[in-house]
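To keep things clear, I will list the structure first and then write my remarks on it.
Worth saying up front: this structure is predicted, and the values here are computed from it rather than measured.
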Amino acid sequence: MPPPAPTQHERRSAFVFWWLCALAGPPIAFATAAAGLGMAVTEPLRDVALIVLASVAEEIVFRGFLQPALATWFERHAEKEGRRKAPLTPANAATSLLFAALHLWGHPPIVAASVFPVSLVFGRARELSGRTWPAAALHVYFNLLLYAASWLLASGR
């Protein structure tokens, strides 16, 4: 049985969410890069290809498999009476916590910690859409913005 169609309020909320992501991304990327937490710029074509590949692969694993599995587990183990749909679900929080923790491998702790709220946004994109690709597209968008900001600041432009 297909899921119920989104309500007018849910459609408006999703519209606002996507616009907030689009508009907030560039200033967040520049602030992050300016704080010294940007990406290394070595070979732009190779770097961009790796950013796209890694972002999509991470989303397939985390929002494609782990978050839906955790959502099913949490639903089975939680009382359903009186529960409302919350903007932050336990599945999104747990997935984002693991996602951020795994960024400790190869990144300073401050970078891994800063990944957590961004991961919550990716998780929310997954929940709003019911699909993995919007979270992957958002991840690619955010990472490419951070790369561009890092490149612009490093080149003095």
[X] (side chain) donor-acceptor with [Y] (main chain) under 3.5 angstrom:
| X | Y | answer |
| --- | --- | --- |
| Arg126 | Gly130 | yes |
| Asp47 | Val41 | no |
| Thr95 | Asn92 | no |
| Ser119 | Val115 | no |

Neighbour count above 12 (heavy atom, 6.0 Å) for [X] [atom1]:
| X | atom1 | result |
| --- | --- | --- |
| Trp18 | CH2 | yes |
| Ile110 | CD1 | no |
| Arg11 | CZ | yes |

Exercise for the section: Report the relative orientation of the aromatic rings in His107 and His103; use parallel for angles under 30°, tilted for 30 to 60°, perpendicular for over 60°. Expected result: parallel
Exercise for the section: Using a 4.5 Å cut-off on heavy atoms from C-beta on, say whether the side chain of Pro109 contacts that of Leu104. Expected result: yes
Exercise for the section: Taking the side chain as every heavy atom from C-beta outward, state whether Tyr141 and Cys21 have any pair of such atoms under 4.5 Å apart. Expected result: no
Handout entry: Non-hydrogen atoms of Gly38 and Ser150 that approach each other most closely
Key = CA-OG, 3.2 Å
Practice task
Indicate, with yes or no, if the rings of Phe62 and His139 have centres closer together than 6.0 Å.
Solution key: no
